[in-house]
Trainee: 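Here you go, one structure.
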Amino acid sequence: MTNSPLLDISNLQVEFKLKNGVVRAVDNVSFQVDRGEFLAIVGESGCGKSVTALSIMKLLPKRVAEIKSDYVKFDGQDLTNFSETEMRKIRGCRMSMIFQEPMTSLNPVLTIGDQLTEPLITHLEMNAEEATKRAVELLNMVGIPEPQKRLSQYPHQFSGGMRQRVMIAIGLACEPDLIIADEPTTALDVTIQAQILELLKDICSRMGVAVIMITHNLGVVAAYADKVNVMYAARIVEKGKASEIFASPSHPYTIGLLRSVPRMDKKRGGRLATIDGLPPNLMAPPSGCRFQPRCPMSTDACSEVPFLSNRKGSSKHSVACFYSEDALKKGSSIYVSDKEIFEPINVKKQAPLLSVRSLKQHFGVSFRSGWLSSISGTVKAVDDVSFDVYPGETVGLVGESGCGKTSVGRAILHLNLPTGGQLEFNSKDLNESSIALVRQDMQVIFQDPFSSLNPRMTIGEILEEPLKVHNIVTETDARFERVGQLLTKVGLYAYMRDRYPHELSGGQRQRVGIARALCMEPKLIICDEPVSALDVSVQAQIINLLEDLQRELGIAYLFIAHDLAVVKHISHKVIVMYLGKIMEIGDGETIYQEPKHPYTKALLDAAPIPDPKIERNRKKIILKGELPSPLNPPRGCVFSSRCNLATDDCKEIIPKLINFSKDQSVACIKVEEVN
Amino acid sequence: MSETIPNQSDNAKRENIKPSRRNVFDFIRQQPLGSVGIVLIFVLMLGAIFAQQIAPFNPEDVDFEASPAFGGGAPSLAHPLGADAFGRDILSRLIYGARTALSIGFLSAFFGCSIGAIIGTSSAFFGGRVDLLVQRFIDLMLSFPIIVLAIIVIAIFPKTVIFGVDVNVIVAIAIPFIPKTARVIRSQALAVVTLPYVDAARTNGFSSVRIIFRHILPNVTAPFLILITAFIGQAILLEASLSYLGLGVVEPTPSWGLMLSGVNTDYYRTAPWMIIYPGLAVSIAVFSFNLFGDSLRDWLDPKLKL
Amino acid sequence: MRSIIRSAAIVAIACMASTSAVAGSHSSCPEQGGTLKYGVKAEPPNYDMHGTNSYAIMHFVAQHYSTLLTFDWENFPKLEGDIAKSWEMADDGLSYTFKLHENVKFHDGTPLTSADVKASYERIAFPPEGVLSQRKALYGSLESVETPDDYTVVFKLNSPDAFMMDGFASPFNAIFSAKDLEKDMNWHKKNVNGTGPYKFVEHVKGESYIAERYEDFHHGDNCLDRTEGYRIKNLVEPLVGGQIMAEWRATAPPEVKSLTEQMGDDYTNQAKTLMTLWVVSLNSETEAFKDVRVRQALNLCIDRHGGLPKLAKITFTAPRPSGYLLYDTKYALPDDELYQLVGFGPDAEANRAKAKELLKEAGYEGLKFTYSNRAVAHPYDHIAIWLMSEWKKCGLNPEMITNPTSKFVTIRKEGGFDATIDWAPSFLPDPTLMHFKYLSRDVNPSNYSRATDRELDALFDAQKGEVDFEKRKAIVHEFEKKALEQAYVLPVTYTDRVVSLHKSVKGYVIANSHILNNTFRGIYLED
Amino acid sequence: MLAYTLRRILLVIPTLLAVAVLVFFVLRVVPGDIVEIKLAAEGGIISAEEIQKEKERLGLDDPIMVQFYKYMIGLPRGDLGISLWTENNVTDEIVSRIGLSLELAILSTIMAIIIAFPLGTISALYRGSFIDYVIRIITIGGIAVPSFWFGMLLIMLILATFGNLPPLGTVSIFDDPKTNLYQMIWPALSVGYRYSSVVARMLRSSILEVLSEDYIRTARAKGVFERIVIVKHGMRNALLPTVTVIGLEFAFLLGGLVVTESVFNLNGIGKLFVDSVVRNDMNLLQGLVLTVATGFVLVNLIIDLLYAALDPRIRYQK
């Protein structure tokens, strides 16, 4: 082992020549990675973190991407002028990569074995037999059971988590010095994410492999990274040891980023700090400090470019800000506005606004509908779910993908016809015919801001349509007025009514989505993952908006999300679902402080907290195994197949939801025993 | 593994996001081949519209003395592209032929695609049995080659000419386009139907008709436009083929396909201009529509399979 | 009456003399052997010559069969014996006696006897249930066929029939074997067994038709080893490209031009007027056409003298105006008489002025009407395009509607037109055959003008029974004039037939019909 | 795979049945009368009774349901009735011609594949380059040029070059492959241009699509040879849509050679099709349409099975 860093990058610069201009996606980026080190690159989408990774591997399309740098030294060799052939020898052998989308990163028509042995045969010149042997070892190492059998299978026979394990196995096949993992767990559920990250960390530290992890999740960074690069608009704005960055963030952007994330370990109710505005368009970035337009501390001096410089007293921690010491001192208070008061939202608990009793939503799943199509299975997306929502209350519905949380929302809205159970809204029984009457009182906000607005209609038309169709506001002028008010209310400008959705940013669109939900003055809004597609800084803006609206208008929310921290932040009451069933239900604070159900506990453990001090010291139970197929859920308790505490009884008895305390019900036969 | 629980795929979402800034200048800059196509189409359209002003002769004027049988017919000052078997000016017939080709092309592609699009979107929106039935019927229709279907339709309907346009041929060409469009549009609409803004429209309590026409149809215009341009080319080709077989446009209407058939073939070795120019006209017209259609697809929706 | 019998007897004797002479002269061929490749633009539905009227069957199948009589092609319509050695008509015109050659054998080896002739003619004249005879109507006067011995046949008539003698030479009246007919009256639809010059070998449907020399052919003038017929679409490229050596139907002038230019000396042709008349039938149910003035006006607008010679250069139409009967034949109206009739005068301007006047009188100026055309290039398109331009010159507004054969035929039959192109094919220049077309609709359903004119019917019946040539001719002329003046059906033009041949094909003599002389007798190949 | 194959094969039957029923009733609507065409079209003197008798003999006067019944009970035995024109078995008429159409279709498929694969691949790999533009123009031209016109030009060219044309009357490829190929190569070429253009275009766009897939990036990140990336990872996936297009075009050729057969005077089912339309031979027409549809359905079946063989996602579907 030499002392020189494994990877040393100086002044890396990547430009994309697009049809409508040149985009500098990476600008003057320099950093180093030592052997066995775990480096995280964090930043919001479009800040250039993935491009940085791909440019190290020289995997960017040559036609459009131009990579320049002083040098990119890998193990002492400068890769800058390496030919394609030379690069090819390094790729997959000394340096390998794991991508974000496990579903599409494997070739669907080749067997896992084929794809796994490929680097072995190419780089290590093994014969088929040796390669297969090694492949089995690798699969074993990444925790794939029955590796021999799995080798001859195809990617579609693997779940997402399994595929990502295969990707890790491929990445590690030739025992590389460096693995670049580009958002490797973003597409995975939180419990699976924990498994994969643990695995990656564990293997890499055992094998002494350095890791560059690209992520937007600060929790993940806090949990695993040795070093952090924070990127903003193609540049590194702050870099240093993870502990230092989290303890003393010195760039206003880093501070904002850390403060705008809802935290599970903090109490509910306060407003989140928000960074105003949007990341800049890289086609025409602001001159000088690129954060300047959004920075509450900016001065005229910020029109000069601040270079990364070491903080006083630290050789590793450097910041690109003229006022870093000041920012560090003031901390999150630079973002606090006048409204930043802790103000609990009050709930009137007389009569429930929405009452859900034994809701069932089953889907018949048929393969390839043809003349002889037959239903080959039933998915119980929602099975026997009951809860109440009171006026002005926020009920959080949380769970991993496929747990049925979205189906609950759709069933309440009658977007899918519920298979069974009773729904009562405002003391009226909801069914196919009565739903039309309450439509105006019950609205929805969707996850994807890009597809929740009709791209062929202007914002004005979108907001006006329900008013017009239902004759709520009949006069054109009055409607015009009303649309303006709505836009103002959600923090947009009235002039935006003439814009088309594609002219707005994601956050703005989500505001329009909220305005549309508001325009009929509903009593309940079902929020289906309203912030999960947004960058953290924008996410905080939307969460604040939703809370403000609730304070002002007394709307109740059914808040569906997979992000435990967000749900914790906004909800009065939290429901935890797993495979169509409620595992635990109760007061938000209580559930997060004292989870009773083993699944809730595992879920909370799996979600990393963006603070290395807390994160690295907490005891975690990492769930084993995969989510069972919803077509064939375990008998008895649906969680029994993954539960550490499961006994034979659990596999037979379907647990009922039992009141554990006044504010908490749990569906576990062992609840007494465990707690 | 089952991923068939109804939920929207990422692809579906991505495909329906319209990138910003889409205008003619963008198109011209990004699609030079397509722009050439547009220019050619434009020229053809001008020719068709101002045929009366441009064409040196009436396309149906018979002048036996100018025909090759009387030693004439070769390209000359009077007849730049020569004269046909009846001594009719080929240039004039080509110009008027553009009228026939374009009107049949546009009308049949438009009607075929529109009906197909409505069937496709409705099928996707209503789903279930309706969808299944429509799909089966589409499959059925698709098991006949276009030209076979067109010839059968020609055989069924009597020849009807309205305002000088051969309705029979238009119907015959339009009908094979219906199932094709319905299939493509259905698959596109299927993605749109699951999109949140359609759900939002449903939660707003809008009627099915409103949702189909206001929220779904406008969002399948990209494939619709692509299909129409592709089909105009195909329609022109089909018209030429049918006319060549003697089943399409008939004398004395100037039609490129007709000019390649029947009498003129007698001359094609001795008076090759009779065959070369109409063939070129068909090829160029179809070529420009294909060029345009191709680029339009690359520009609007590169993944669309026709 | 007496004169025609006399003349017939003279013809008979003359023929007897010539038959023996011809049989002798043909028995040796200038060259023997080789394969004749020819093209036919149509496909035979079956092989039954009695049941067809189309050349598709004749061009392929006629080579397998013999007829009672045939023509001397050099001196058409002079009769000549085929299987008949001699023949004789009784003085009263009510019986015809034929003596047959005794050495005639069918391709399967059985000898031909009078029984075969009887069975064949009975099939033609009295077809049993399920048998279709296209010429049953022409033999309405035939009462019975008798066979006194194996080589004598006697035809008995119930009334004299001026058409009958020539009718024995009808190329369609193939002599089938009685034995085959006994098996199945329709045996010949799908099988071939004749006494003709060439034997059937193979028919690949839609593609080729192969025959080979019949060694025992009674005339011995079958000079080729093999004949190969091919179904073709156009005739120019196959001829130029050496795929075929001949096409028997008709070659259009542009094709002739093209062939001459491309083949040079390798190309020869023969030309003659074909007995098919192109006519325009005016629908009598169309209000405007109920008025004779309008019909005449339409006729007057056609500048026959100016236009036909030009038309004849681009398609195979005849360059000469004609009435319903083929000009220059013995019953036809002489030109000077014809040109006196409305619409046939040489002064186009005067005709047109007259037409306009008539239209004005009738109140049909600028009349709009549909003209139903068949989607076949030669000569339909040419005639149609020419007529359109002629009518437009009179200020009329014809609209041409072209349909493929199937729809065209339906429209023609159902009267879904104002004017339609139509044609009157014939294989003999006989008024009975040629005037039948113009009889009232109830007598002849294929008079597509749908007109009814009892005077014409009466004149037709009168000429049919009149065996005296002059008297018959007078009646025929009267019919011709009356029908032309009434103008239910406008005669446009006869057909000019050109048969294109490769120069190596010799011994062929063109006839006035593409139905005639298709047996390939006398044809030989010369290198 | 076996279950899938079986189910897929079973699916063919109802489809064909539906086609058969549809074709029957659609064609009964067609106006026109074959007896009239047969007997009166060439100017014969024939009475209305005789026409009527002929219709009765051919069974055209039966009530439509009786005709339908006869047709339907004949189907399973492959009995499609008799041609109203030749009175031969429709099946025989079609069988005698289908060989030629099939040979032509196969020949042009081979030709198309030989031409299309290099063109499409080169075009995709050199996307945006001059050669890509040239190939794109050639292939767009291929679907623009009417094949009958191209055929006419070809005939001109053959005549100009060789001075004669291939002999008429198709020689069996088994008897005399040289002559047969000389006869068939030209029509195959005239269809092949269009065909190969369609295939090349599909191949180009599939390759481009596949090359932008994540797993190609994965393969490159593994340091695999670029050639292997393209051939092993790219081509196999790009082949799937291409196979579909080849199949569909092939099926199209089975029934769609109508025009080409007419130009080259070939005696295949395309020409028979036009003939039977012109003659209003409904029985033959319905037999032909049914044959063409069957061909189409069968080719689709083969494509689906091929797809299954190439794509494990389908193969392993329960």
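As the structure is a computational prediction, the values presented were derived from the model and not from experiment. The sequence lines fix the lettering, A, B, ..., with proteins before strands; numbering per chain opens at 1. Below, each value reflects all heavy atoms present in this structure, side chains not excepted, and no hydrogens, waters or symmetry copies.
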Trainee: Heavy-atom distances under 4.5 Å only: say whether A/I121 touches chain D with side chain, backbone, both or neither.
Mentor: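 Neither the backbone nor the side chain of A/I121 comes within 4.5 Å of chain D.
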
Trainee: Which of the residues A/I90, A/I180, A/N107 is involved in the greatest number of heavy-atom pairs with chain D at under 4.5 angstrom?
Mentor: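 Sorted descending by pairs with chain D, the first entry is A/N107.
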
Trainee: Is it the backbone or the side chain of A/M167 that comes under 4.5 Å from a heavy atom of chain D, or both, or neither?
Mentor: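 Contact with chain D: side chain only.
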
Trainee: Can you tell which part of D/I216 gets under 4.5 Å to a heavy atom of chain A, answering side chain, backbone, both or neither?
Mentor: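 Answer is neither: D/I216 stays 4.5 Å or more from chain A.
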
Trainee: I need the A/I98 CD1 to A/I179 CD1 distance, nearest 0.5 Å.
Mentor: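 Here the interatomic distance stands at 4.5 Å.
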
Trainee: Can you tell which part of A/I170 gets under 4.5 Å to a heavy atom of chain D, answering side chain, backbone, both or neither?
Mentor: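 A/I170 touches chain D through side-chain heavy atoms alone.
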
Trainee: Considering all heavy atoms of both residues, which atom of A/A169 and which atom of A/L139 are nearest to each other, and what is their separation?
Mentor: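 Between these two residues, the closest heavy atoms are CB-CD2, 4.4 Å.
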
Trainee: Counting only non-hydrogen atoms closer than 4.5 Å, does A/Q153 touch chain D with its backbone (N, CA, C, O), its side chain (CB onward), both, or neither?
Mentor: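 Contact with chain D is absent: no heavy atom of A/Q153 under 4.5 Å.
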
Trainee: Does the pair D/R127/D/D132 count as a salt bridge with the N-to-O cut at 4.0 Å?
Mentor: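 D/D132 and D/R127: not salt-bridged.
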
Trainee: Which of these passes side chain to side chain donor-acceptor pair (under 3.5 Å) with A/R91: A/E84, A/E86, A/H123?
Mentor: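 Only one of A/E84, A/E86, A/H123 forms a side chain to side chain donor-acceptor pair (under 3.5 Å) with A/R91, namely A/E84.
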
Trainee: Is the ring pair D/Y71/D/F24 parallel, tilted or perpendicular, if the boundaries are 30 and 60 degrees?
Mentor: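 The arrangement is parallel - the two ring planes meet at less than 30°.
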
